[in-house]
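A quick write-up on the structure given underneath.
One is the number of the first residue; the rest follow in order along the sequence. Keep in mind that what you see is a predicted model, and the values were worked out from it rather than measured.
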Amino acid sequence: MGLALIVALAVVLSWTLGQVRALRRRVDEQALSTLGAEGLPVGALAPEFELPAAEGGRIDLVSLLAPGKAVLLVFVHPGCEMCAALARELPRWQARAGETLTIVLVGNGDLAEHATWGRTQEVGDIPVLVQQGNEAALRYRVRGTPSAVLIGTDGRVAGAVARGAIAVRELITTAKTEARRRSPGRDELASGTRR
């Protein structure tokens with residue numbers, strides 16, 4: 001009798017959790033369907049956020065922009081293999097563009113799962129922020145993973161949503177090129193011959 005009751009409760013709990021997951025998916029799909037086009041317009045003020053970091057603490061957009069660098073929000077999911085492959089490349093990109101660009105990973109779900117995922121992918125010092133639902137993705141109108149949004153030093157959206165690993169890589173390259181174009185070269189600064 002006791003074992004049958006435990007089995008029945010386990011079945012009911014399993015069914016209930018499945019229903020909650022399905023409901024959450026439908027709510028997210030409904031929210032995304034009401035957003036209109038993917039991504040915010042270039043030049044739009046980037047929505048503020050404050051999210052828990054997988055390694056502890058909370059990080060907001062203001063603190064990410066404080067060093068005077070552009071910010072690349074890379075939206076990922078731990079179950080996405082393309083996200084994992086891209087994440088493993090990001091430390092190299094961060095090293096190359098670190099003077100002008102801060103790369104941040106944004107996932108959703110469990111903090112511990114994302115902390116483990118970040119260590120497994122060897123993302124190093126790249127912050128891994130965790131949404132409880134899809135609050136940041138919804139604000140930025142990001143609809144899939146991997147995707148990225150570039151935020152300029154002025155706190156405005158600096159490019160269309162990059163969807164897929166190749167598009168994210170291209171966005172990083174564009175951000176580096178844009179930063180070089182905007183800032184005078186070392187030789188120009190030394191000689192005072194800025195064009």
Side-chain donor/acceptor pairs under 3.5 Å, residues 144-168, sequence neighbours excluded:
residue: S147; atom: OG; partner: G144; partner atom: O; Å: 2.7
residue: D154; atom: OD1; partner: R156; partner atom: N; Å: 3.1
residue: R156; atom: NH1; partner: G43; partner atom: O; Å: 3.0

Open item on the list: Quick check: closest heavy atoms across G118 and V128, and the distance to 0.1 Å?
Closed with: CA-CG2, 4.5 Å

TODO: Name all residues meeting the side chain to side chain contact (heavy atoms under 4.5 Å, CB included) criterion together with S63; count only those two or more places apart in sequence or in a different chain, and write none if there are none.
DONE: I59, D60

Open item on the list: With clusters defined by side-chain heavy atoms of hydrophobic residues (ILVMFWY) lying less than 4.5 Å apart, directly or transitively, does L171 cluster with I126?
Closed with: yes

TODO: Indicate if L129 and Y140 have the same hydrophobic cluster label, given that clusters are the connected sets of ILVMFWY residues with side-chain heavy-atom separations under 4.5 angstrom.
DONE: yes

Task: Connected via hydrophobic side-chain network under 4.5 Å: V74 and L64 - done: no

Task: Gap separating the OG1 atom of T174 from the CZ atom of R181, nearest 0.5 angstrom - done: 11.5 Å

Could you list the donor-acceptor pairs under 3.5 angstrom formed between side-chain atoms of residues 75-91 and any protein atom two or more places apart in sequence or on another chain?
residue: H77; atom: ND1; partner: G79; partner atom: N; Å: 2.9
residue: E81; atom: OE2; partner: R88; partner atom: NH2; Å: 3.4
residue: R88; atom: NH1; partner: Q121; partner atom: OE1; Å: 2.7
residue: E89; atom: OE1; partner: R169; partner atom: NE; Å: 2.7
residue: E89; atom: OE2; partner: R169; partner atom: NE; Å: 3.3
residue: E89; atom: OE2; partner: R169; partner atom: NH2; Å: 2.8

Open item on the list: Nearest 0.5 angstrom please: L101 CG to K176 NZ, how far?
Closed with: 9.5 Å

Open item on the list: Is there a path of hydrophobic side-chain contacts, each under 4.5 Å between heavy atoms, that joins L65 and V104?
Closed with: yes

Open item on the list: For the backbone of A112 and the side chain of T116, can you confirm whether one donor and one acceptor N or O come within less than 3.5 Å of each other?
Closed with: yes

Task: Pair listing, salt bridge (Lys or Arg N to Asp or Glu O under 4.0 Å) test, anchored in residues 62-73, at least two apart - done: none

Open item on the list: Run the side chain to side chain contact (heavy atoms under 4.5 Å, CB included) test against L13 and tell me which residues pass, sequence neighbours left out.
Closed with: L17

Open item on the list: To the closest 0.5 Å, what do you measure between CD (E135) and CG (N108)?
Closed with: 8.5 Å

Open item on the list: Is there a side-chain contact between T16 and Q19 in this structure, where contact means two heavy atoms from C-beta onward sitting under 4.5 Å apart?
Closed with: no

Open item on the list: Show every salt bridge (Lys or Arg N to Asp or Glu O under 4.0 Å) that has at least one partner inside residues 48-59, sequence neighbours left out.
Closed with: E50-R58, E55-R119

Task: P52 to Q132 - nearest heavy-atom pair and separation - done: CG-NE2, 3.8 Å

Open item on the list: Hydrophobic cluster membership, with links at side-chain heavy-atom distances under 4.5 Å among I/L/V/M/F/W/Y: are L61 and L105 in one?
Closed with: no

Open item on the list: Could you report the tightest heavy-atom contact between P47 and L40, atom names first, then the distance?
Closed with: CD-CD1, 3.4 Å

Task: Flag side-chain contact, heavy atom, 4.5 Å: L73 against F49 - done: yes

